[in-house]
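Here the structure is a predicted model, which means the values were calculated and not measured. Only heavy atoms go into these numbers, but all of them, side chains included; no hydrogens, no water, no symmetry mates.
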Protein chains: 2
Amino acid sequence: MPEKPAAATLRLSTFLPFRLSVLSNAISQRIAELYDREFGLSVWQWRVMAVTADTPGISATEIGQRTQMDKVAVSRAVAGLIEMGYLERRPSTDDARRSNLVLTPAGLGIYDLIVPLALAEEARLVSALSDKEQTELARLMGKLAGASSPDRELW
Amino acid sequence: MPEKPAAATLRLSTFLPFRLSVLSNAISQRIAELYDREFGLSVWQWRVMAVTADTPGISATEIGQRTQMDKVAVSRAVAGLIEMGYLERRPSTDDARRSNLVLTPAGLGIYDLIVPLALAEEARLVSALSDKEQTELARLMGKLAGASSPDRELW
DNA sequence: AACAGATAGTTTCATATGTAACTAATTTCG
DNA sequence: CGAAATTAGTTACATATGAAACTATCTGTT
């Protein structure tokens, strides 16, 4: 009588999707807590601010594309930021469905406070890697992104 | 009159926490859909199955440590798996608070079906990288994990 | 012009998730 | 021993999230 074949096993701790997920969550949580504690912002709101600072007058749809947020999430983040007085909605002259979003002076003010903190936190994190390693990591992640989502651009 | 100093800007697309999060989500979602569509499992349920297959008789608390899930998530995943008939709870003889968890034959059955699919998906993904690059990626992620969570072991 | 899609964005609803409170069993220590 | 503190795990509640439906506007076709 044949042995029952040993089933293949899967060690979670070496399984890439698991490792990536755990690592990403650990990092995100740490930063999210910073945004929330210091400024009362969610990560989504912060992302909206970041792309709006980069491209004033951007539309909600375009924000979604650049941040990989779905339109509901964008809508909610925008609503929250407007309520907090950090973002302003300007009706577009050529398309009444869309709005042009811009940061208010208050929004720009806290943006300028957050950026250095975020960059410092990133720097602290990657300081464990040499410059060369940092570059290499970025490159490898780019390759993975291509393989994971051949359809859409991730960044 | 001095110029208003140009505020530091932050390009989301090169900001490591953002890139990691987007990449991880893209990969996780693809795999989650596989588990759900083919087997009706959530990612958490799958993780519980994976560590239970690896260590039969494991406790819920230990599952939490190994998978980085909090105890509520573990509790819910376990309850779901038991309901589906994939997992069995055995009261521990030496500590009445804890249960020893084991996969049922049905649970082992689908575990054996899932493992090759999960490994194949991972292989498809990392096939964009050479063997050397794969090793390097794992190494760099390990370093980052250490830097991001000096307190607890991530894997 | 006028109808049939498409598109921008919001709202609704059902589900997922995390925090805190809770129960029960165990350990610690006076 | 026995009260206080810890630990394993579940339940309850409040919030976050995503899918689908919806409103309003725009585009293309006839």
- request: Side chain of B/Val72 only, please: which of C/dG9, D/dG18, D/dT10 is the nearest?
  value: D/dT10
message: What I want to check is whether an N or O donor and acceptor connect the side chain of B/Arg97 with the base of C/dT26 at under 3.5 Å.
response: no
d(CD, A/Glu33; C1', C/dG18) in whole Å: 14 Å
Expected output: side-chain B/Thr104 to main-chain B/Gly85 donor-acceptor under 3.5 Å: yes
message: Looking at B/Thr61, I'd like to know whether one of its side-chain N or O atoms comes within less than 4.0 Å of OP1 or OP2 on D/dG9.
response: yes
- prompt: At under 4.0 Å, does any side-chain N or O of A/Ser75 touch on OP1 or OP2 of C/dT10?
  reply: yes
- request: Whole angstrom is fine here: how far is it from CD in A/Gln65 over to P in C/dA8?
  value: 8 Å
- prompt: Between A/Trp46 and A/Tyr35, what is the ring plane arrangement, given parallel below 30°, perpendicular above 60°, and tilted in between?
  reply: tilted
- prompt: Relative to the 5' end of DNA chain D, which residue comes earlier, A/Lys71 or B/Leu101, by the nucleotide with the nearest heavy atom?
  reply: B/Leu101
- prompt: Rounded to whole angstroms, how far apart are CG on B/Asp95 and P on C/dT27?
  reply: 6 Å
message: Whether A/Trp44 contacts D/dT17 is assessed here as follows: a side-chain N or O lying under 4.0 Å from the phosphate OP1 or OP2. Is that the case?
response: yes
query: If you pin B/Ala96 and A/Arg89 to their nearest nucleotides in DNA chain C, which one's is more 5'?
result: A/Arg89
- prompt: How long is the line joining CD of A/Glu62 and C1' of C/dG9, in whole Å?
  reply: 15 Å
task: Round to the nearest Å and state the distance from B/Ile58 atom CD1 to D/dG9 atom P.
output: 10 Å
statement: To the nearest angstrom, the CG-P distance between A/Asp94 and D/dC26 comes to 9 Å
- prompt: Hey, are B/Ser42 and B/Arg76 close enough side-chain-wise for a donor-acceptor pair under 3.5 Å?
  reply: no
query: When the distance from CZ of B/Arg47 to C1' of C/dT17 is rounded to whole Å, what number comes out?
result: 14 Å
message: Regarding B/Ser42, tell me which of base, sugar-phosphate or nothing describes its non-hydrogen contacts under 4.0 Å with the strands shown.
response: nothing
task: Classify the side chain of B/Arg76 versus the base of C/dG18 as yes if they form a donor-acceptor pair under 3.5 Å and no if they do not.
output: yes
- prompt: Are B/Leu81 and B/Val72 linked, directly or through other ILVMFWY residues, by side chains that come within less than 4.5 angstrom of each other?
  reply: no
- prompt: Do the side chain of A/Arg90 and the main chain of A/Val102 share a donor and acceptor less than 3.5 angstrom apart?
  reply: no
task: Can you tell me the distance, in whole Å, between the CG atom of A/Asp70 and the C1' atom of D/dA21?
output: 15 Å
